[in-house]
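Take a look at the structure set out below.
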There are 2 protein chains.
Amino acid sequence: MDIKRLEEVFRQHNLKVTPQRIAIYQELINSSEHPSAINIYERIKAQYPNISLDTVNRTLLTFAEIGLVRIVEGRGDPKRFDPNLHPHHHFRCIKCGKIIDFYNEEYDALDVPSTLKDRFIITSKRVNLEGICDECQTRSD
Amino acid sequence: MDIKRLEEVFRQHNLKVTPQRIAIYQELINSSEHPSAINIYERIKAQYPNISLDTVNRTLLTFAEIGLVRIVEGRGDPKRFDPNLHPHHHFRCIKCGKIIDFYNEEYDALDVPSTLKDRFIITSKRVNLEGICDECQTRSD
DNA sequence: TGCTAATTAGGAGTGAATCCTATATATTGC
DNA sequence: GCAATATATAGGATTCACTCCTAATTAGCA
Ligand SMILES: [Mn+2]
Ligand SMILES: [Mn+2]
Ligand SMILES: [Zn+2]
Ligand SMILES: [Zn+2]
């Protein structure tokens with residue numbers, strides 16, 4: 001998503017176009033490891049030495065609210081953010097915490113059981129795999 | 001799982017059989033809403049007024065390590081624990097945080113893509129649905 | 001029954017997230 | 001462009017969920 005389009009999205013949601021918001025989004029799409037708010041905060045300080053963690057965090061949560069990013073599913077540790085809105089799934093390493101995207105049409109096409117569809121509004125369906133990544137297997141040999 | 005079997009499991013893992021461990025496990029299987037450590041702590045204080053949160057938390061994490069419970073996947077808020085080890089999946093309400101079990105053989109039978117199987121050791125495969133539960137739909141009408 | 005290593009209670013410490021509020025700024029209407 | 005104003009931000013305080021520390025307790029074993 002280019003900046004023009006990003007600014008449009010902000011305006012569509014009555015969010016002011018601020019340099020901080022743009023920088024935070026850019027930092028997020030420039031990283032592929034599903035960073036946390038603090039990751040983004042540390043990196044963005046090079047550009048904006050005075051930015052506050054609260055701004056980064058609040059902004060990322062706002063992005064999640066308007067559907068511009070997703071919060072990755074995990075097991076209770078710091079929230080990690082994902083700017084990739086294409087249907088995809090995750091593998092998470094239980095040793096090092098790395099989260100790797102993968103694409104799979106069978107998973108995308110899974111039906112939601114009608115007992116659930118009838119009772120709930122389903123807004124997200126993801127397959128999450130966990131295990132030990134290649135690097136961690138080597139490391140612990 | 002009855003207490004006899006639970007004590008066996010503890011011993012198999014060289015964990016001492018303590019009343020706290022048993023009480024924490026019982027409290028967990030008596031609840032179906034995937035409670036957090038603090039939920040369990042609050043409830044168990046009726047029985048053990050002096051139990052510490054650290055004990056509850058440490059014990060639940062130990063249980064997770066030996067595979068006696070699972071930590072539910074969520075979006076970064078307090079860890080929630082699940083004593084149900086049968087293959088099953090979760091629907092989580094994004095409004096009230098309720099987590100509901102469901103069983104689905106199609107989901108259980110999903111193949112892991114070989115590109116992942118070759119590279120990683122897969123220890124868990126779950127389908128997570130999110131959305132708005134029936135009660136929250138009514139409430140916000 | 002006594003020894004020893006594991007476990008616990010309770011308090012301190014940590015780190016992420018959130019709240020508070022004075023200041024700054026993007027947007028709107030002139 | 002300029003002023004008005006509603007929104008957003010910085011920075012510090014606070015909250016909350018853990019996590020660590022250590023002395024006292026206890027389970028398991030000889
Ligand atoms: Mn992703
Ligand atoms: Mn469950
Ligand atoms: Zn790893
Ligand atoms: Zn709900």
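So you know, we letter chains A, B, ... as the sequences are listed, proteins then strands, and number each from 1.
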Whole-Å gap separating C1' (C:dA5) and CG (B:Asn14): 12 Å
Here the distance between atom C1' of C:dA9 and atom CD1 of B:Ile24, to the nearest Å, is 12 Å
Whole-Å distance, A:Asn50 CG to C:dT25 C1', equals 15 Å
Looking only at side-chain N and O atoms, does A:Asp108 offer a donor or acceptor that is under 3.5 Å from a partner on A:His89? yes
What nucleotide among D:dT9, C:dT27, D:dG11 has an atom nearest to a side-chain atom of A:Arg58? D:dT9
Looking only at side-chain atoms of A:Gln20, point me to the closest of D:dT9, C:dA26, C:dA9. D:dT9
Establish, from distance only, whether the side-chain atoms of A:Asn128 and A:His90 form a donor-acceptor pair under 3.5 Å. no
Selection from D:dA8, C:dA17, C:dT27 that lies nearest to any side-chain heavy atom of A:Leu53: C:dA17
5' precedence on DNA chain D between A:Pro49 and B:Ser36 (nearest-nucleotide basis): A:Pro49
Could you check A:Ser52 against B:Ala37 and say which one's nearest nucleotide on DNA chain D is further toward the 5' end? A:Ser52
Please determine whether a side-chain nitrogen or oxygen atom of A:Arg11 lies at a distance below 4.0 Å from atom OP1 or OP2 of C:dT27. yes
Taking the side chain of B:Arg21 as heavy atoms from C-beta outward, which of C:dA9, D:dC18, C:dT7 is closest to it? C:dT7
Please report the distance, rounded to the nearest Å, between CG in B:Asp77 and P in D:dT15. 18 Å
Count the heavy atoms belonging to other residues, nucleotides or ligands that lie under 6.0 Å from CD of A:Glu105, then report whether that count exceeds 12. no
Gap between atoms NZ and C1', on A:Lys16 and C:dT28 respectively (whole Å): 10 Å
Compare the minimum distances between each of C:dT8, C:dA26, D:dG11 and the side chain of A:Thr18, then state the nucleotide with the smallest one. C:dA26
To the nearest angstrom, the CD1-C1' distance between B:Ile40 and D:dC18 comes to 16 Å
Check whether any side-chain nitrogen or oxygen of A:Asn57 sits under 4.0 Å from OP1 or OP2 of C:dT18, and answer yes or no. yes
Going through the checks in order, is the side-chain hydrogen bond (donor to acceptor under 3.5 Å, both in side chains) test met by A:Arg58 and A:Thr55? CA-CA 5 Å; A:Arg58 187 172 17 79; A:Thr55 295; 3.1 Å; yes
In whole Å, what is the span from the CG atom of A:Leu61 to the P atom of C:dA16? 15 Å
B:Val17 has its side chain closest, among D:dA8, D:dG28, D:dG11, to D:dG28
So, A:Thr59 versus A:Thr62: side-chain donor-acceptor pair below 3.5 Å or not? no
Taking CZ from B:Phe10 and P from D:dG28, how many angstroms apart are they, rounded to a whole number? 11 Å
On DNA chain C, compare the nucleotides closest to A:Pro19 and B:Tyr48; which residue's is nearer the 5' end? B:Tyr48
So does A:Asp54 reach the base of C:dC19 with its side chain, donor to acceptor, closer than 3.5 Å? yes
Can you tell me which nucleotide in D:dG28, D:dA17, D:dA8 comes closest to the side chain of B:Pro78? D:dA17
Winner on side-chain proximity to B:Thr55, out of D:dG28, C:dT8, D:dA10, is C:dT8
Is A:Lys98 salt-bridged to A:Glu130, cutoff N-O under 4.0 Å? no
